[in-house]
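This structure is a prediction, so every number in the text was calculated from the model and none was measured. Side chains are part of it too, since the values below use all heavy atoms of this structure and drop only hydrogens, waters and symmetry mates. Here is the naming used below: chain letters follow the sequence lines, and residue numbers restart at 1 for every chain.
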Number of protein chains: 2
Amino acid sequence: MAQSNPPFMSGVPELLLLRLLDRKEMYGYELVRSIRSATGEAISLGEGVIYPVLHSLERNGSLKSRRKAVAGRTRVYYTLTAKGRQRLNKLHIEWLRIQGGITAALESPAYA
Amino acid sequence: MAQSNPPFMSGVPELLLLRLLDRKEMYGYELVRSIRSATGEAISLGEGVIYPVLHSLERNGSLKSRRKAVAGRTRVYYTLTAKGRQRLNKLHIEWLRIQGGITAALESPAYA
DNA sequence: TATTAATACCTTGAACTACGAGGTATAGTC
DNA sequence: GACTATACCTCGTAGTTCAAGGTATTAATA
């Protein structure tokens, strides 16, 4: 009983991650800052959001990772798989849909 | 310790409500269907979302209501106050900001 | 006439996400 | 030696949305 659908706008963090990783291999800590700058400081997602999403995307086969040692520190770099690219596409379309819906509701003129 | 900011896209239901009520006096049950149709079926917010938001907006002085009996049923019609119009404006700007941020992140070309 | 569907209000519990604070560890700077 | 930055991570909880329900009246349907 009562298994809930995800909230209507919850795909966005995942979408941003996938989009950035589709362009370039990146590691978690880097993604935190990339999202902030790529959105013009409009959206700031902390590590508490990023890491769990990365892990769940890897678990379900959308991402694969490799560890790389850089100056004594270990970074975990992520890249998209074919499944991840599909997922990106789906989320992108879904985003355009709700973004367009909201825009329509906000813009349409003042009559009933 | 740990008092959380609201999630980064949580203003949307409130924004849609305020926008529709800015055009026309409406009651809750009507708003449920209006949001669905005004967004081209992209967004569907149930009564469990709408009513609590209406009540909280009235409590904080953004909306005022009047009861009206229509064909034996009681409807509660809501309209914006000056404060509600301010709130609408603020949320609208905030929405454009995050919407623009996301669009930028999705569209910007494939170099770092 | 009985039953069901639609209108109209509402609340509540669970599900889910995002937030933020914290914890570990290394490297560089002051 | 202390502090900041990098880099990984988890966990508790706050805040939202979801779905399902409850009440009551009217209209349609069987």
K.L.:
Can you list, in residue-number order, the parts of residues 55-63 of chain B that come under 4.0 Å of DNA chain D, counting heavy atoms only?
P.N.:
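Going residue by residue through residues 55-63 of chain B, none turns out to have a heavy atom under 4.0 Å of DNA chain D.
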K.L.:
Specify the separation, in whole Å, of atom CD of Glu30(A) and atom P of dA5(D).
P.N.:
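Atom-to-atom, Glu30(A) to dA5(D), this comes out as 18 Å.
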K.L.:
Between Tyr29(A) and dT6(D), is there a contact of a side-chain N or O with OP1 or OP2 at under 4.0 Å?
P.N.:
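It does, given that an N or O in the side chain of Tyr29(A) lies less than 4.0 Å from OP1 or OP2 of dT6(D).
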K.L.:
Quick check for you: to the nearest 0.5 Å, what is the distance between Leu21(B) atom CG and Ser65(B) atom OG?
P.N.:
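If I round to the nearest 0.5 Å, the distance is 11.0 Å.
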K.L.:
Mind listing the residues from residues 87-98 of chain B sitting with a heavy atom below 4.0 Å of DNA chain C? Number order is fine.
P.N.:
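The stretch gives none, as no residue of it lies under 4.0 Å from the strand.
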K.L.:
Measure from CZ on Arg75(A) to P on dA5(D) and round the result to the nearest Å.
P.N.:
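Those two atoms, CZ and P, are 17 Å apart.
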K.L.:
Please tabulate, for the side chains in residues 9-18 of chain B, all donor-acceptor contacts under 3.5 angstrom to protein atoms that are two or more places apart in sequence or on a different chain.
P.N.:
{"unit_1": "Ser10(B)", "atom_1": "OG", "unit_2": "Pro7(B)", "atom_2": "O", "d": "2.9"}
{"unit_1": "Glu14(B)", "atom_1": "OE1", "unit_2": "Arg87(B)", "atom_2": "NH2", "d": "3.3"}
{"unit_1": "Glu14(B)", "atom_1": "OE2", "unit_2": "Arg87(B)", "atom_2": "NE", "d": "2.5"}
{"unit_1": "Glu14(B)", "atom_1": "OE2", "unit_2": "Arg87(B)", "atom_2": "NH2", "d": "3.0"}

K.L.:
Gln99(B) and Ile102(A): side-chain contact (heavy atoms from CB on, under 4.5 Å), yes or no, with the steps?
P.N.:
CA-CA 10 Å; Gln99(B) 189 259 13; Ile102(A) 293 172; over 6 Å; no
K.L.:
With the threshold set at under 4.0 Å for non-hydrogen atoms, list the residues of residues 5-12 of chain B touching DNA chain C in residue-number order.
P.N.:
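Those residues are Asn5(B), Pro7(B), Phe8(B).
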K.L.:
Which residues pass the side-chain hydrogen bond (donor to acceptor under 3.5 Å, both in side chains) test with Lys64(A), sequence neighbours left out?
P.N.:
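Lys64(A) satisfies side-chain hydrogen bond (donor to acceptor under 3.5 Å, both in side chains) with Thr79(A) once adjacent residues are dropped.
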K.L.:
Identify which nucleotide among dC10(C), dT6(D), dA8(C) has an atom closest to any side-chain atom of Arg33(B), counting heavy atoms from C-beta outward.
P.N.:
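Comparing dC10(C), dT6(D), dA8(C) against the side chain of Arg33(B), the answer is dA8(C).
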K.L.:
The criterion is salt bridge (charged side-chain N to carboxylate O under 4.0 Å, His left out); which residues satisfy it with Arg36(A), sequence neighbours excluded?
P.N.:
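Scan of Arg36(A) (salt bridge (charged side-chain N to carboxylate O under 4.0 Å, His left out), adjacent residues dropped) gives none.
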K.L.:
Could you tell me which residues satisfy ring-ring contact (aromatic ring centres under 6.0 Å, His included) with Phe8(B), sequence neighbours excluded, listed by chain and number?
P.N.:
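Testing Phe8(B) for ring-ring contact (aromatic ring centres under 6.0 Å, His included), a comparison that skips the adjacent residues, returns none.
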K.L.:
Go through the structure and list residues passing salt bridge (charged side-chain N to carboxylate O under 4.0 Å, His left out) with Glu25(B), not counting sequence neighbours.
P.N.:
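Applying salt bridge (charged side-chain N to carboxylate O under 4.0 Å, His left out) to Glu25(B) gives Arg66(B).
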K.L.:
Are Leu106(B) and Trp95(A) packed together at the side-chain level, in the sense that at least one heavy-atom pair is separated by less than 4.5 angstrom?
P.N.:
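Yes, their side chains come closer than 4.5 Å.
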K.L.:
Without decimals, in angstroms, what is the distance between Leu45(A) CG and dG20(C) P?
P.N.:
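Rounded to whole Å, this separation is 11 Å.
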K.L.:
Between Leu31(B) and Leu45(B), is any pair of side-chain heavy atoms under 4.5 Å apart?
P.N.:
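Leu31(B) vs Leu45(B): side chains apart.
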K.L.:
How would you list, by chain and number, every residue that makes a side chain to side chain contact (heavy atoms under 4.5 Å, CB included) with Asp22(B), sequence neighbours excluded?
P.N.:
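By the side chain to side chain contact (heavy atoms under 4.5 Å, CB included) rule, Asp22(B) matches Arg19(B), Leu80(B), Arg85(B), Leu88(B).
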K.L.:
Check every strand shown and say whether Val76(A) touches a base, only sugar-phosphate, or nothing at a heavy-atom separation below 4.0 Å.
P.N.:
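Answer is sugar-phosphate: Val76(A) comes under 4.0 Å of backbone atoms only.
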K.L.:
Output the rounded distance in Å from CE (Met26(B)) to P (dT7(C)).
P.N.:
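Those two atoms, CE and P, are 15 Å apart.
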K.L.:
Using a cut-off of strictly less than 4.0 Å, decide whether Tyr51(A) has a side-chain nitrogen or oxygen near OP1 or OP2 of dC9(D).
P.N.:
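Answer no for this pair, as no side-chain N or O of Tyr51(A) is under 4.0 Å from OP1 or OP2.
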K.L.:
Could you pull out the protein-nucleic contacts involving nucleotides 27-30 of chain C (nitrogen or oxygen on both sides, under 3.5 Å)?
P.N.:
{"unit_1": "dA27(C)", "atom_1": "O4'", "unit_2": "Arg73(A)", "atom_2": "NH2", "d": "3.0"}

K.L.:
Go through the structure and list residues passing side chain to side chain contact (heavy atoms under 4.5 Å, CB included) with Arg73(A), not counting sequence neighbours.
P.N.:
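Here no residue qualifies.
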K.L.:
Over how many whole Å does the gap from Lys68(A) atom NZ to dT6(D) atom P extend?
P.N.:
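Spelled out: NZ on Lys68(A) to P on dT6(D) is 18 Å.
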K.L.:
Would you say Tyr27(B) places a side-chain N or O within less than 4.0 Å of OP1 or OP2 belonging to dA8(C)?
P.N.:
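Checking Tyr27(B) against dA8(C): at least one side-chain N or O falls below 4.0 Å of OP1 or OP2.
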K.L.:
Indicate, with a heavy-atom threshold strictly under 4.0 Å, whether Gly28(B) touches base, sugar-phosphate, or nothing.
P.N.:
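Sugar-phosphate contact only.
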K.L.:
What residues form a side-chain hydrogen bond (donor to acceptor under 3.5 Å, both in side chains) with Gln86(B), not counting sequence neighbours?
P.N.:
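With neighbours one apart ignored, the set is empty.
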